[in-house]
Novice: 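Input: one structure, supplied below.
Here the structure is a predicted model, which is why all the values come from computation and not from measurement. Numbering of residues begins at 1 and proceeds along the displayed sequence.
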Amino acid sequence: MEKLTIQEEEVMLYIWSIGDCFVKDIVAKYPEPQPPYTTVASIVNNLKRKRYVEAKRFGNTYQYTPLVKQSEYKRTFVGGVVQNYFANSYKEMVSFFAKEQKISADDLKDIIELIEKGK
């Protein structure tokens, strides 16, 4: 699975939230000022080339459907972040965010509960 650019990832987040959609649907999700239709269409074409979406023709436009699940993308690339930046240790990653006060003690307790429920 090829890594997405920031712009491609943003468009994919919109596609995952919408589901089957047209470029105009994606543009409508952006806050003002919205990017030009042609810019979003170009990004979607890159996503199609990278096999993140497939296109189905409807008249003179295309409907796009995600081929990659958001959970699959997260699993692949979060794992890479842990490997590359935290010596392949999720403990190191959580410790980093706790030290930087990005995760509260309550959030850590919730995470522990989720882990214990998953066992």
Side-chain angles (χ1 to χ4, degrees):
M1 182 182 314
E2 192 174 340
K3 178 78 172 103
L4 299 178
T5 66
I6 292 169
Q7 294 84 5
E8 291 167 344
E9 200 169 90
E10 183 176 26
V11 168
M12 269 315 295
L13 287 170
Y14 290 138
I15 292 171
W16 283 319
S17 73
I18 301 167
D20 295 350
C21 60
F22 298 90
V23 172
K24 66 181 177 72
D25 301 323
I26 300 166
V27 172
K29 285 286 203 176
Y30 277 88
E32 292 293 335
Q34 295 173 330
Y37 179 97
T38 53
T39 300
V40 175
S42 177
I43 294 168
V44 172
N45 279 331
N46 289 341
L47 293 169
K48 182 180 169 210
R49 181 183 51 76
K50 292 181 177 183
R51 304 197 46 81
Y52 277 82
V53 298
E54 67 180 351
K56 182 178 179 183
R57 189 176 185 105
F58 281 90
N60 62 352
T61 190
Y62 290 90
Q63 181 183 47
Y64 296 93
T65 302
L67 292 174
V68 174
K69 292 182 180 178
Q70 187 174 13
S71 59
E72 182 182 340
Y73 182 78
K74 282 181 187 179
R75 185 173 30 259
T76 300
F77 292 104
V78 168
V81 168
V82 173
Q83 182 178 353
N84 295 331
Y85 295 97
F86 298 102
N88 212 22
S89 168
Y90 284 90
K91 181 179 174 182
E92 287 292 323
M93 182 183 74
V94 172
S95 174
F96 169 80
F97 286 112
K99 286 176 189 173
E100 296 294 318
Q101 298 178 347
K102 303 289 184 191
I103 298 177
S104 69
D106 288 338
D107 286 343
L108 285 171
K109 288 175 189 173
D110 292 343
I111 291 167
I112 291 168
E113 284 179 28
L114 288 170
I115 292 168
E116 288 174 348
K117 285 180 185 176
K119 288 184 179 180

Novice: Determine the minimum heavy-atom distance between Ala41 and Val23, stating which atoms define it.
Specialist: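 It is N-CG1, 3.9 Å.
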
Novice: Work out which heavy atom in Lys3 is nearest to a heavy atom in Tyr52; give both atom names and the distance.
Specialist: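 That closest heavy-atom pairing would be N-OH, 4.4 Å.
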
Novice: To the closest 0.5 Å, what do you measure between CD (Gln34) and OG1 (Thr39)?
Specialist: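 It is 12.0 Å, given to the nearest 0.5 Å.
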
Novice: Give the minimum heavy-atom separation between Pro66 and Asp20, together with the two atoms involved.
Specialist: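 For Pro66 versus Asp20, the nearest heavy atoms are CD-OD1, 4.3 Å.
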
Novice: Rounded to the nearest 0.5 Å, how far does CD1 of Ile18 lie from OG1 of Thr65?
Specialist: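 One gets 11.5 Å once the value is rounded to the nearest 0.5 Å.
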
Novice: Cluster question for you: counting only ILVMFWY and a side-chain heavy-atom cut-off of under 4.5 Å, with indirect links fine, are Ile103 and Ile112 together?
Specialist: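 No; Ile112 is not reachable from Ile103 via cluster members.
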
Novice: Is it the case that the side chain of Ser95 and the backbone of Lys91 share a donor-acceptor pair, with hydrogens and angles ignored and the cut-off at 3.5 Å?
Specialist: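 Absent.
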
Novice: Assign the ring pair Phe86 / Phe96 to parallel, tilted or perpendicular, where the plane angle (0 to 90°) is split at 30° and 60°.
Specialist: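 The rings of Phe86 and Phe96 sit tilted, inter-plane angle from 30° to 60°.
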
Novice: Taking NZ in Lys50 as the centre, count heavy atoms belonging to other residues, nucleotides or ligands within less than 6.0 Å. Is the count above 12?
Specialist: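 Buried by this count: over 12 neighbours within 6.0 Å.
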
Novice: Which atoms form the tightest heavy-atom contact between Glu8 and Ile43, and what is the distance?
Specialist: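 Minimum heavy-atom contact is CA-CG2, 3.8 Å.
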
Novice: To the nearest 0.5 Å, what is the distance between CG (Leu13) and CD (Gln70)?
Specialist: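 That separation rounds to 6.0 Å.
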
Novice: Please check if Leu47 and Leu67 belong to a single hydrophobic cluster, counting links between Ile, Leu, Val, Met, Phe, Trp and Tyr side chain heavy atoms closer than 4.5 Å.
Specialist: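 Looking at the clustering, Leu67 is in a separate group from Leu47.
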
Novice: If you round to the nearest 0.5 Å, how far is CD1 of Ile26 from OH of Tyr14?
Specialist: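 Reported value, rounded in 0.5 Å steps: 10.5 Å.
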
Novice: Quick check on side chain to side chain donor-acceptor pair (under 3.5 Å): which of Arg57, Lys48, Lys56 does Tyr62 satisfy it with?
Specialist: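 Looking at Arg57, Lys48, Lys56, the match for Tyr62 under the side chain to side chain donor-acceptor pair (under 3.5 Å) is Arg57.
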
Novice: Mind checking the CD-OG spacing from Gln83 to Ser89? Nearest 0.5 Å is all I need.
Specialist: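 Answer rounded to 0.5 Å: 12.5 Å.
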
Novice: Is a side-chain N or O of Trp16 found less than 3.5 angstrom from the main chain of Val68, in a donor-acceptor match?
Specialist: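 Yes, the answer is positive, given that a donor and an acceptor are paired below the 3.5 Å cut-off.
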
Novice: Do Phe77 and Met12 share a hydrophobic cluster (ILVMFWY, side-chain heavy atoms under 4.5 Å, transitive)?
Specialist: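 Phe77 and Met12: one cluster.
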
Novice: Taking all non-hydrogen atoms of both residues, which atom of Ala98 and which atom of Leu108 are closest, and how far apart?
Specialist: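 Looks like CB-CD1, 4.2 Å.
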
Novice: Any Lys/Arg nitrogen of Arg51 or Glu2 sitting under 4.0 Å from an Asp/Glu carboxylate oxygen of the other?
Specialist: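 The answer is no: the pair does not qualify as a salt bridge.
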
Novice: Are Tyr30 and Val44 connected into the same hydrophobic cluster when the rule is that any two of I, L, V, M, F, W, Y join if their side-chain heavy atoms are below 4.5 Å apart?
Specialist: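 They do share one cluster, since a chain of ILVMFWY contacts under 4.5 Å joins Val44 to Tyr30.
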
Novice: With clusters built from Ile, Leu, Val, Met, Phe, Trp and Tyr whose side-chain heavy atoms come within less than 4.5 Å, directly or transitively, what are the remaining members of the cluster of Phe22, listed by chain and number?
Specialist: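 The other cluster members (ILVMFWY side chains, heavy atoms under 4.5 Å, direct or chained) are Phe58.
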
Novice: Take Lys24 and Val40, measure what side chain to side chain contact (heavy atoms under 4.5 Å, CB included) needs, and give me the verdict at the end.
Specialist: CA-CA 9 Å; Lys24 66 181 177 72; Val40 175; over 6 Å; no

Novice: Tell me whether Tyr85 at atom OH has more than 12 heavy atoms from other residues, nucleotides or ligands lying less than 6.0 Å away.
Specialist: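 No, the 6.0 Å shell around OH holds no more than 12 heavy atoms from other groups.
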
Novice: Can you tell me how far the CG atom of Asp25 sits from the OH atom of Tyr64, to the nearest 0.5 Å?
Specialist: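 Here the interatomic distance stands at 11.5 Å.
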
